[in-house]
Structure formats: structure tokens, C-alpha cells
S.K.: 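One structure coming up, written as C-alpha cells, with questions to follow.
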Amino acid sequence: MNVPKQTPEIFSILSKGNFISSNGSKGKLYDVITYENNFELLKEFFSHTGYYLERGHNYYYFSQQEETNTLMEKKLEQFAYYIDVMDFFSSMDTKPVVGTRYRVTQIAEECFSNERLKQKLFALSRKEKMVDKVAEIAGDLTTGGFFEQEDEDTYKVMDAIHYLEEVISLITIEDDGEQTNPQ
Amino acid sequence: MENRRILNRIIFINIANTDYASIEIAGNTCFVGTNNMGKTTLQRAILFFYSANTRGLGISTSQKSFEDYYFQYPNSYIIYEVATEDGLFHVMVYRNSKIFYRFVEAAFNKDQYLEDNTALIPKAVLTKLNEQHINYSDQVETFERYRNIIYGADPDKKYKKFALMKGNSNYHNIPLAITSIFLSSESVIRSEFVKECIANSITTKHTNIELKTVERQLRQFTERYQDIETFFRKENAQRGDLIKDNFAQIRNLKTKQRSLAVELGGALKYAAEQKETLGQQVGEKRSEIEALATAFREQEEAQKEKNKEANQEIGALKSKIREADKKQKEYEDKGIADLLKKAEEKTQLTLNLQARETEYATLTAGFSDVEQQFKTLFDALENERREFENVLKAQGLQLDTKFQEDRNTLRESYRKEESELKDRHRHETEKHRTQLNQYELENKDAAFKEKEFRTRKYFEKETSLLKENLEDIRRRKTERTSAYNVKNGQIESLRREGDHVREKNKITSEQYVARNKEELTVIEEKVKAIEAKLSVHQQALFGYLQEHYPDWYSTIGKVVNEDILFSKELNPKLMKKNLDTLYGIQLDLTHVKVFSKSLEEYEQEKNEHLERIAELNQAFLDFREAQANEEQAKLASISKKTAQLKNEIAQLEYEGGQDDEKEKKYNLDLHEWASKGEAQREKDLLEVYAVQDDLKKKSEALRQTISELQAVLKKETDKLDKNFNEKLAQAKKNFDDETKKLHDLKEDKLAEHEERKGRLQKEKSKVLKTKGIDDTRIKKLKSEIDQVKIQLNELEKFSELINDYRKDKRELFDRMDDFRKERDKLEDLLKQSEREFAAERQVFDKRRQQLEQEARQLNESFKKYTEGLEHFERHFRDRALFDRLRHIIEPAPMEHSEAGIVGLCSQLLANDTEYHNQFEKFRGNISEFAGRFRPDNHLNFKINNQAGEAEYERFASYLQDFYNENKIQTSIAEVAKSHGMLIDAISSKMKALIEHKGRIDKMINKMEADFSKASFESSRLIEYIKLKSEDSENKVLRKLQRISDFREQNPFLYGEANLFNQANKAKAEIDKKSVELLNDLQRTITEEKYEEIRVQDLFELRFRIKEGKNDTGWIEKIDKVGSTGTDMLVKAVIYITLLNVFIKESTEKTARNFSVHCIIDEVGQISAPYLKELINFAEERNICLINGLPNESKLETHYNYTYKFRKDQHGYVKVIPLLTMSIEP
């Protein structure tokens, strides 16, 4: 099996739970995976490690077939947080569309002038300064691979944000059961 | 007098803390003085003579600058007196804001500078020099110039006499070496330092490769390359297309929005105006209806008023009739008929009574004269008969008169009734005829209308408008088709023009490349030839001559060709020196040109060729860039025009599409209007038909009525005739009856009279016979009289009743018919009037209905406009959309809109929603597109996402222009050029650097040779000092080398104008590799953090020193060789060797008749014998040592000059010479 020479780098990124997005600084790796039949090759190759290479819209990630309940719970908690963060960014004037560049100071400014946004931000971070709060949540999204930090103040929305959007779109709010009471 | 050139003396006047000091240093010199006495100040001043560089004197930044420390006063001077073969001259250094030099052609004379122990200012000094006719140079204002003069490199010949030596272009190494030795106070000698010195001795700083610059260029290139790569990514190309589509849609939506806004603006104004007009019209219609209703009400009132009288009359008549009937009945109940009959008998009774009373009186008066009696009786009877006849006559006359009267009355009544009947009939018929005429007129009208409806063009305004629109569309279509053809033609010609430009450029480029290549090949051949010569020159005659026959250029050089000069097989041997013959033949070569070239000339020629190659390469790159730019400019202009045309075509197609839609709509509308028109025509015709039918029926009915009326008239006339005839007949009969009755009565009476006369005759005869009285008769008479009287009384009793009856009869009963007729007439009149009024009511109703219909229609329109305006106010005005479009809506000209305000508002809102949806997508696509590029990408795909919609539109517009003008090609050309230039620059710089490698080796060899002489044979202190060079370990250098090698391997392939052309796979591979190499280099530069690659980075230098039994092995730095003294000695030896080598390298290869100073401070730890050896070692190399010692010791005895430093009572440093004689070696 002739895997690309970048395979170790790809593995080291994806195995940490990160994404490889086409519009990120690791866009070259995205190209490598996309090149000819590399995806199938790598999927097969990585499957022996217990990781399954998955393809999203312009991004790649690893999934695992079997996960412990604790891990699942942790992921769910994480997701609950991400949903709130996404809600926060979606409430802004500039929506978190792929490729959008956010400046921490700019977000903080918008929060100063938008009470609703401010409240959301306060619920998300306990840091003292507004700028620090914004930096914290932007940093969290960056850690998750949904944002990428371009310089001290600027974050860019990655293609992997589609993953969050898809997961959020899969959530169905069921009835709480109180209403349905057939005699 | 010295037979060599040397810095003889240094004089301080007001320098630092010295007021005056003159120190002779034309040999090995030693300064003794404790610290802070000014030793270093003096040594620096000496160094300044050689280096003329205020910065390279080891003065730290925290200390005062050289100028400020040394030249504190305007009359501060450092004087360097230089000894030459011809005498002395001195260099005056002074400061006038900056430091200046003057060369004075005389030995230093204190008096020229000092007067009364006070230093003069430079001007005064010059005055003095002038007075003494001493020549001095112009003021030398730059250090560079000064150095050039001192090192004999100044082109101005008048300064030649002030040169210390005949330096070549590399003379800079000498001051550098002297400075380096002075400054290298650290005890470690690093190979780096030696390498630096070697490098400095053979090159200038220009050959260094500034890595910062290279890195910056590489970074720029890489970033730009990356930008272009990003541009060509599949995702971006797709996204770009999407943006284009979105943008077109958004623009269309905006256009539509604008046109809708204009339409809405027009419709609003139109509606406002219509609202007012229609409101007024509705008001007018209402008033008209009101007025009509009022008028009709009045008319109705009048009618009622008019009818009231008639009704009253009818009522009166009716009451009369009722009363008459009632009375008639009462009379009848009272037996009026009998009473009347009886009353009619009254006259008869009265006559009868009179006759009976007369008879009775006669009978009772006496029976005297029967004859008389009977005569009287007969007379009476005759009288009675005559009376009766008279009565009868009177009655007959009366009857006759009555009959005549009755007949006349009847006839009159008949005529009257007949005329009334006829009048009434005429009146009614007339009315009906008028009505009939009216109907006929109306029928004609309806027929005309029918004709008119049949030919009328319904909704002509609407259809003609639609037809106009359709005509417009057809006209536009034709225009568009021709414009489309023209534009397509233009696009085609532009495409051909573009192809032509490309083809032409390709040919030009090929020709240029071929030419360039040809010339390059020729030059490279030449370079190779020179290199071949140079590589063998040492083994050939040329090398031999260079070494053994210094002036061979002017002799052998004129008669030997290059082949012989560079032939290695000649085995030259010097048989006899200075024999100017060629195989024994003397030649006068004065006028013969030197044929051969010197090594430097070869080097220069080679360099010229290399420069030419670089020039050609640069020219190639320039040409390529210029051509690419020119082509790009032309193509961009063509693309721009094409894009413009395509845009126009797209616009035309869009307009065409819109027009097609409109055409369809208009055709549908036209069809609808036609159907509507037909429907309306049918409706109208049906209405007309209905009216016609109605009229026909009515006319028929009227005709029927008229004929009926005529029949009625006839019937009534007949009835009247009959009635009249009957009545006449009745009257006649009554008359006849009465006449007959009278006749009968007369007959009866006459008969009775005749009977009575007969009876009387008989009685008379009887009486005459008997003469007696008969009472039965009287009694009978009496009873008859009484009975008549009773009857008369009874008649009297009822006479009032009869009178009343007669009166009533006269007034009422006889006029009953009149009353009835009157009543009927009145009723007829009333009916007639009502009928007439009903017609008027009908007209009124019709008119009112018509008006109401019109008002309703107007009201509907009014409502439509009002509702539209209200809708606008309620659902549109407060929206942000209105604020955005206000500038379009408000100034729009008034115009009717088919769609209506509500329709337009909802269309605008729908359009806005669509616009926002599209814009969201548009924004997303742009963010994604721009997000793929670096934030400061050179293609300028940047978006400020806070800047609003205009920013995104600007971006899309820019992107469109970018695609249209194919601007990426410009970037590609630029990147290709910078790629080529980078590789060229790296390659040529590397070449230039590597060229030095030979000289480095030579230098190292020379150094080693010199070191071998430094073994201090007498003491055998140093067994050997060895040097060797190794290949460089510098990673950056290796990468640079790889690029240079790549350039060599791919001289022309590496860079066409397009680095991104995937068509040629081999070329794509080469391009990819070259880009990878550059990336690799950039990464290495970033990682290694070198600032530059210098000559010294080309090699590694290793020392090996054996001192006594200490062998250092091959080391990079000489840290500790032995004891401190030994260590110092070894280092001094190395320094001096280096300086010697540099001097040799930097000066003309002529006899060396100058000495320089080597300043090494703090040599106190070297033992006297070794110091002596060191001094000798230096002296052998024409180098004078200037050393500093902290304390006096025996060491100073080895120097030619020894000075002690001390301070006088004013704190001025005084330099006292201790020994002034030269020691014997």
C-alpha cells in the first residue's frame, strides 16, 4: 500500500480529534487526502488503527465505532457548549459562514453595543474582560478545529464548521410527554 | 631618512586629556603606563590613522564618540607624520563639526600649530603654512577618500605622494586586519574570525548573500505563489462562478426592484391624484343623485298635491253619490213613487174637488130652475171639459215641451259625453302614441346602438396600449438581434485579436529566447575558455612568467600568443635574466602592443562576461515580464472589452427574456382584453336586444292598447249611441205613453163627459119629468168631496217630502250620472296623471340607477386607489425597504400601473425577500472565497465583513473584473519573474561566492606557508601551526547551492511566464521542483536564523597547533594553547601572519617598501625572549609592533621606542620617551 508521505502528519492531526479543512493552513493535507484515490487508501490504512477517516463538506475527520459511555458523555457536554457558542456567533451581524474572519476586538465591540449578545457571552465565559471572554470561546472553537487563529486578534471560520451545523441540524426537540396523556 | 614609508610620528594637540604630545613610532613601540593613563587613547589614534573609521575603534556606545572625545576644541589636532623615501609629510586631522584631513607636504613643525604654547585654529595654521610656502592639499572631507589616498588607491595623481603603500582594490583588508587584531581583545581566536579576515581580504561585502532580503523575497514569492495556487483551487473556481451567478441575480433583482420602485412611486402619485379626482367625481355623482332625488321628491309632492284636489273632488263626488243613494233609499222606503203618483193626481183631485164642490153647491142651491140648473150644469160640464181639455192641452204641451227638452238634453248629454269620450280617448291615445313614438325612437336608438356595438372596438385604450407595448417589444427585439449580432461579431474579432497577440508574442518570445540563448552560449564558451586558461595558468608558461619574470608583459607578452602562454608542455627555464633578446635577436618592442593579458585582465574579462550573462538573464526575465505584462495589458484590455460585450449580451439576453415574458403577458392580456371585449359586446348586444325586445313588446302593447282604446271608444260610442237612442226611445215612448195616457184620459174624460152630458140630459129630462130632489146624489157628492179632501190633505202632508225629493232629485238624483261621470273622469285623470308620473318615476329610477352605477364604478376605483394608498401607508411606509427605496420612489414620475399599489408593494416585498435570500448566499460564497486566501493576499481578495452590502458588491465586481481581465495572468507573470529572478539572483550570487573558493584555498595555503615560518626556530616554542579548510556545514548554503545547481541544470526550462501550466508535464515537474527548492530554502533560512551568507560560510577552517608537547588537534577555535604568555604569543604570531598575508594580498606585487603597525595591547605576560622573537617575527614581515604594558619591566628594552605615560600637575597626560634608540637584533 503506497500511502502519501504526509500520512503521519495527517494521522497526528486527526487522531487528536481535530479536523483537516480545505480552507485552513493545513489545506495542503486536505489536497493530499482528496488527491486521486488517496481517501480510500487512507481510509483503509487508518481503519487498522481503529479510526475511520470520514469525509465532510471540504473537511476530513476521524470517527470511532465504539466509544465508552464516559467519552460519549464528555462529547455530549462538549457539544452542548459548542451549540451555545454557535448560537452566540449566529446572533452576530456577521454569521459564522466558512471563511469569515472574526476579530476578537470587533466581536467585543459588538457585544458592548448588543445587550443580548453580551448576555450570551457572559453565560459562556467567566473571564473578566470582554475581550478575554471572546478570545476564550474563539480559542475553544479553534481547539475544536472549527476556527483557526490567523494572528493574535483574527480567527477564521473553517470548513469543519459544517460538522457543527450538521450535528445541530440533527437535533430533534421531542415533546416532554406532559402533553400526551391519552386516557 | 627612512627608505621606506611608515607612520613616523603621531602628535596630539589638545586631544582628549593631552595638551600636546609628540610620539615617534617609526619602529616597534611600547607604551608603558598604568590604567586610565591614555595608552588606549593613543593606540586608538594610531589605529585611526589606518582605519579612518570612527566606529571601528572599539569605543562602546556608552562612551563618548570618537569625535567628541578626541576633538573637544576647535584647535584639537591629531597630526600623523609619515616618513617616505623622499622625506616627511604630515596629515592634519581636525574637526569642524565633522572630521577633516589635510595633507601637508612638510614635516610636522610645532610652530605652525602652536603659538605661545596655544594651539591655533585650522585657519591660522593654514595661514602660517601659506606664509611659509608649504604646500598642503585641499580639505579631504570623507574617510573613504582619505583611505584611498593613504592606501594609494586614489585616482587623483596629485595625491600619489601621500600614499603609504600601493594598495589594490582589496586594500581595505589591511585596516580591517589591523583593526581586528586591535579589537580582538578576547583571548580566544575563533576560526570564524580568521575566516572573516580571509573573506574580507578577498572580497567586499557586496558578495555576501543577504539572507534577510532573500528570505523576504522568498516569502513574498511563496505567499504570492500560494495565493495563485489558492486561486486555482477547484473549490474557489466553483465558488467564483457561484459568486458571479449570485451577483448577476442580485443585480437583476436590484434592477427589478428599482423598476418596481419607480412604478410604485408613479402609481402612488397617480393614485393620490386619482383619489382626489375620483373623490370629487364620486361627490359630484352623489350630489347629482341627491339633486335628482330631491327634484323627484318635489315632483312627487307636486303630483300628490295635484292629485289631492282631484281626490278630494272624487271624494266629494263619492260622498254625494253615497248620499244620493242613501236618500234615494230613504225616499224609496217612504214610498216616494206612490207619493209622486199621488202628487201628480193632485191637480186632478183639486179640479175634481172644485167640480164636486160646485156640483154640490149647485145641487144644494135650490133646484129652481132645472133648465138653468142643467144649463149651468152643462156649462159647468162644458167648462169642465174645456178646462180639462185646456189642462190636457197644457199637459200635452208640457209633455211635448218636456219631451223636446228631454230629447235636447239627451242629445246634448250625448254629444257632450261623446266629445268627452272622444277627448278622453284622444288624450289617452295621444299619450300612447307619444309613448309609442318614444318607443320607436328608442328602438331606433337601440338599433343604432346595436350597430355601434357590433362595430365598436372594446377596451381600445388598453388594447392599443398593449399593442404599443408589443410593438415596442418587437422593435426592441429587432434592435437587440442586430446588437447581439454586432456584439458577437466584435467578440469574435476581439478573440482573433487576442489570438494574434498571443501568437505574435509567442513568435517574438521564441526569437528572443533563441537570440538570447545563442549569445549566452557564445559568452559561456568564452567564460569556459577563460576558466580553462586560468585553471591551468600556474602549470603553464603564463604561471612561470608570473612568478619568475615580473615584467614579462612588456617583453615576452608582446611576442607570444596565448596558445604558447597557456601551453603546459614548454618546460620554461630561466637561463639568463634581463637579456632582452628573442632567441638572440633584439627587437624594439616600443611600438608593439602588449598582446597577452594579465591575470587580472582575464579575471576582469571573465567578470565582464559573467556580468553580461547576468545581464542577458536579467534582460530575458525583464523581456519576459515586459512581454507578459504587455500581452497581459493587451489581453486584459481585450478581455475587458469582451467581458463588457458579454455583459452587454447578458444584459441583452436578460432584457430579451424580460421582453419575452412581457410579450407573453401582453399577448395574454391582449387575448383577455379581446375576450373581455367580446363578452362585453355580447353583454351590450344582449342588453340592446333585451331593450329592443322590451321596446317591441311595449310598442306592441301600446299598439294593442291603442287599438283596444279605439275599440273601447267605438264600443263606448256605440254604447253611448245606444244609450242615447234607448233614452231617446224611452223618452219618446214615455212621451208617447204620456200622450197616449193624456189622449186616453182625454178620450175617457170626453167619454165620461159625453156620458155625464148624456146623463145630465137624461136627468134633466128626468127632472123635467119629475121635478123632485135626489139626496143620494148629494150624499155621494159629499162623500166624494170628503174623499178628495182627505186625499188632498194626505198629499199636503207629504208635499214637503215630495218637495224635498224633487229638490234632491233635481240636485242629486238627476245628476247622479253626472257625478259618476265626473268621478270616473276624475279617476281617469288621476290614473292618467299617475301613469304619467309612473313614467317619470321610471325615468327617474333609470337615471338614478345609471348615476348610482356610475357612482359605484367611480367609488370602486376610488376605493381601489384609497385601499392601495392605505395599504402602502399601513404595510409599506414603515418598512426599512421603503427607507432604502425612498430616493427612487419619491421622485418617480406619475404613471398608471396595471399591477396596482398593493400588487407592487407585495412584489417589492417578495423581491426584497428574494434579494435577501440571494444576498445571504452571495455573502456566504464571498466569505468562503475570500477566506481561502491569506488575509493580506496580493490578489487583493479581501473583505471587510463589517462594511455592509456595498463591500460585498465591490468584492464581486472586483472579482468579475479580475476574471474578465484575466488579472491572474499578471500575477502569474510577476510570480514567474520573481521566481526566475530569485533563482537567477541566488545562482549568480552563489557563483560569485563560490568563485572565491579558489582564492580562499590559495590564501589558506599562503597562511600555512607563513605559519610554517613562525616556528620560532631558535626556541622551538611552537612546533607548528597548521590550518586546513573543510566543506561548509551551513545548511542554508547547501540549499542555496542546490538552487544554483538546479539553475545550471535547467538554464532555460525553469521559468516560462506560467508557473502554473499543467499542460507540459515535464515543465510542470521542473516548476514544481524549483518552487519546492525555494520553499525549502525559505524554511531553512527561517529555521537557521542566519542573517547572511558570506564568503566565510563557504568553508570551515580548522587549526592545529603543537606547542611543546601540547597538540591541539584540529580545532575550530584556539582557546588555550599553553600558559597565558605562550597563549598570547601564539595568538600574536597568528595575527601577524594574518596581517602579513593580507598585506601581500592587498598591495601591488612590487617591492615592498612600507611598514605598517600592528597594535597589540597588554603583552606583559610574554617572556622577554619570546617577545624578542615575536618582534623579530613581525619585523621580518615589515610590521612594527605597538604594544602596551601596564608596568615598566625589562620587556621595553626590545622596542625601538618606549614611552611612559604620566599626568602633569594640570592633569594633562604627558608621554615621556624612555628609550629612543634602536636595539640591536
Side-chain angles (χ1 to χ4, degrees), chain A residues 5-6 20-36 55-60 89-90 92-114 117 141 146-162 165, chain B residues 222-223 225-240 242-243 246 880 916-937 939-952 955-956 959 1060 1062 1068 1072 1075-1076 1079-1080 1083:
Chain A
K5 63 177 180 184
Q6 295 88 345
I20 290 177
S21 294
S22 77
N23 69 337
S25 55
K26 301 288 177 199
K28 283 252 158 74
L29 294 182
Y30 176 86
D31 293 343
V32 168
I33 303 175
T34 314
Y35 184 72
E36 287 179 352
R55 187 186 349 225
H57 183 64
N58 287 345
Y59 63 92
Y60 293 106
F89 278 103
S90 301
M92 290 190 52
D93 286 347
T94 312
K95 306 283 175 273
V97 182
V98 171
T100 306
R101 290 188 163 93
Y102 285 114
R103 280 178 41 241
V104 172
T105 43
Q106 165 209 327
I107 299 174
E109 268 170 35
E110 200 176 325
C111 289
F112 271 118
S113 56
N114 183 337
L117 217 53
L141 285 182
F146 306 115
F147 275 20
E148 190 172 272
Q149 191 166 11
E150 287 193 322
D151 60 45
E152 206 178 323
D153 194 32
T154 315
Y155 290 83
K156 185 166 90 176
V157 181
M158 294 288 99
D159 282 307
I161 201 87
H162 290 314
E165 288 169 354
Chain B
T222 317
E223 285 174 354
Y225 186 85
Q226 192 189 330
D227 289 342
I228 295 170
E229 240 183 2
T230 313
F231 180 83
F232 282 118
R233 282 181 77 103
K234 196 177 76 193
E235 298 91 349
N236 265 11
Q238 288 167 348
R239 201 63 55 189
L242 282 175
I243 292 170
N246 280 154
H916 279 110
N917 288 340
Q918 284 295 338
F919 204 89
E920 272 308 306
K921 286 183 198 161
F922 178 59
R923 200 200 311 253
N925 285 331
I926 287 181
S927 294
E928 193 166 342
F929 182 87
R932 290 194 185 279
F933 291 92
R934 294 178 304 110
D936 56 344
N937 65 82
L939 302 175
N940 220 5
F941 291 135
K942 295 168 197 169
I943 188 88
N944 174 9
N945 45 27
Q946 282 195 307
E949 292 183 0
E951 169 75 356
Y952 287 91
F955 186 93
L959 185 67
F1060 300 86
Q1062 300 295 317
K1072 202 176 157 193
V1075 173
E1076 267 174 19
N1079 285 343
D1080 210 17
R1083 210 169 26 250

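These numbers were taken from a predicted model, which means no experiment stands behind them. Each chain gets a letter, A, B and so on, in the order the sequences are listed, and its residues count up from 1.
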S.K.: Over all heavy atoms of both residues, which pair between B:R934 and A:R101 is shortest? Give the atoms and the distance, please.
M.R.: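 Smallest heavy-atom distance, with atoms named: C-NH2, 3.6 Å.
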
S.K.: Flag the pair B:S927 / A:K95 as yes when at least one side-chain heavy-atom distance between them is below 4.5 Å, and no otherwise.
M.R.: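 In short, these two side chains do not touch, never coming nearer than 4.5 Å.
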
S.K.: Do you know which of A:Q106, A:M158, A:E150 has the most heavy-atom pairs with chain B at a distance under 4.5 angstrom?
M.R.: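 The candidate making the most pairs under 4.5 Å is A:Q106.
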
S.K.: Is B:F933 in contact with chain A via its backbone, its side chain, both, or neither, using a 4.5 Å heavy-atom distance?
M.R.: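 The backbone, not the side chain.
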
S.K.: How long is the span from the CD atom in B:E235 to the CG atom in A:D31, to the nearest 0.5 Å?
M.R.: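 Rounded to the nearest 0.5 Å, the CD-CG separation comes to 7.0 Å.
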
S.K.: I want to check something: taking the side chain as every heavy atom from C-beta on, are A:D159 and B:E928 in contact at a cut-off of under 4.5 Å?
M.R.: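 A side-chain contact exists here, since the closest heavy-atom pair is under 4.5 Å.
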
S.K.: Name the region of A:T94, side chain, backbone, both or neither, that has any atom closer than 4.5 Å to a heavy atom of chain B.
M.R.: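 Just its side chain gets close to chain B.
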
S.K.: At a heavy-atom separation under 4.5 Å, does B:R233 approach chain A through its side chain, its backbone, both, or neither?
M.R.: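 For B:R233, the contact with chain A is made by the side chain alone.
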
S.K.: How about CD on B:E1076, more than 12 heavy atoms from neighbouring residues, nucleotides or ligands closer than 6.0 Å, or not?
M.R.: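 Result for CD/B:E1076: enclosed.
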
S.K.: Which bit of A:N58 comes within less than 4.5 Å of chain B, counting heavy atoms only: side chain, backbone, both or neither?
M.R.: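 Side chain of A:N58 only, per the 4.5 Å heavy-atom cut-off to chain B.
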
S.K.: Could you tell me if the side chain of B:E229 sits less than 4.5 Å from the side chain of A:K28, heavy atoms only?
M.R.: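 In contact.
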
